Amino acid sequence: MKSNSAYTEPILDWYEKNARDLPWRAPDATPWGILVSEIMLQQTPVSRVLPVWRAWMNRWPTPAALAAEPSGEAVRAWGRLGYPRRALRLHETARAITERHRGEVPSSHADLLALPGIGAYTAAAVASFAFGQRHAVLDTNVRRVLARLISGEEYPPRSQTKAEVKRAESLLPLDPPTAARWAVAVMELGALVCTARTPRCVDCPVFATCAWQLAGRPAYDGPPRRGQTYAGTDRQCRGRLLAVLRDADGPVEKAALDVVWSDALQRERALDALIADGLVDPLEDGRYALPT
DNA sequence: AAGTCGTGGCT
DNA sequence: TAGCCAAGACT
């Protein structure tokens, strides 16, 4: 097997020995199971995804099974994973797969990209992990690993650049199955060793050739990286309101929503937004429910 | 194209 | 303790 960089073989070897045993990586994992895992894992830690993924796959083992249910059931089963619009889009995707692709998860990057809730990363990830294709799979882990290994910087730029994509493509092994293994391997290295906060460089298989190491691990000096305060935001309010509906057996009175958020103006705004998003259904009798 | 969109664990 | 961060997508 040909390697096209000094990083390829050490990282592939490291992955063979250190990969986590995740159910969506099992030999019997289906493209649908892999797709579901990728949606759930967007901005969400593995540990929180695991139980929800298992229950989800047990209940809806195929796209057609999910497509046959009301979207509200997907929202309810989503539980507290966060960003519940993902559940809605996953439900839409199940219906699109059922209608447009005969119930089979499409294998082409373009077809995947056309599905709701699936962007460049997820399309590449599913094409790579489920179908063994050769794609640059550029997520937050990979971006950070490459920034350190090659650019010698602690963190990548705020938003993804074309240069990063080119670089990721140039590192891809030529053989598709190997490229697919490389993709998970780099991601896993970022998740387990080359972590954001306190990297475990002593365990790194490419420590000796890491540009960031060689530069003396200079601290990040770019613009502030984030600032997502949460307490008191519309997002928190939306979360509270939706939790009431998730935990209820059926439609709820307006009063049941009112008690979970004191600021009436913000509460109405958040409720309207949830309705506009299709996450909440206002009934004619004045009550509210998850969508049908 | 910068803002918005949940939630909880970790340091 | 209070940020920081986690396999992004969409507008």
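Nothing here was measured: the structure is a model prediction, and the numbers come from that model. A, B, ... follow the sequence lines: proteins, then strands. Residue 1 opens every chain. Side-chain atoms are counted along with the backbone in the values below, which use heavy atoms only and exclude waters and symmetry mates.
- Taking the charged nitrogens against the carboxylate oxygens, Glu154(A) and Arg144(A) have no contact shorter than 4.0 Å, which rules out a salt bridge.
- Nucleic acid contact class of Ala120(A) (heavy atoms, under 4.0 Å, all strands): sugar-phosphate only.
- The residue Tyr155(A) sits close only to the backbone: its heavy atoms come under 4.0 Å of sugar-phosphate atoms, none of a base.
- Counting only N and O atoms by type, the side chains of Trp212(A) and Glu153(A) include no donor and acceptor under 3.5 Å apart.
- Computed from coordinates, the Arg143(A) CZ to dC5(C) C1' distance equals 14 Å when rounded to whole Å.
- Atom pair Arg80(A):CZ and dA6(C):C1' shows a separation of 17 Å (rounding to whole Å applied).
- Taking atom CD of Gln42(A) as the reference point, atom P of dA7(C) lies 12 Å away to the nearest angstrom.
- Among the atoms of the strands shown, none is found under 4.0 Å from any heavy atom of Trp78(A).
- Rounded to the nearest Å, the gap between the C1' atom of dC10(C) and that of dG8(B) is 24 Å.
- Nucleic acid contact for Ala125(A): none, since no nucleic acid atom lies under 4.0 Å from a heavy atom of the residue.
- At the heavy-atom level, Arg89(A) lies under 4.0 Å from the strands shown only through sugar-phosphate atoms.
- Residues Asp234(A) and Gln266(A) bring a donor and an acceptor atom of their side chains to less than 3.5 Å of each other.
- Rounded to whole angstrom, the span from the CD1 atom of Ile39(A) across to the C1' atom of dA9(C) amounts to 9 Å.
- Within the nucleic acid shown, Thr122(A) comes within 4.0 Å of sugar-phosphate atoms alone, with no base atom in reach, counting heavy atoms only.
- Looking at Arg235(A) and Tyr83(A), their side chains do bring a donor and an acceptor atom within 3.5 Å of each other.
- For the P atom pair drawn from dT11(B) and dA7(C), the interatomic distance equals 15 Å after rounding to whole Å.
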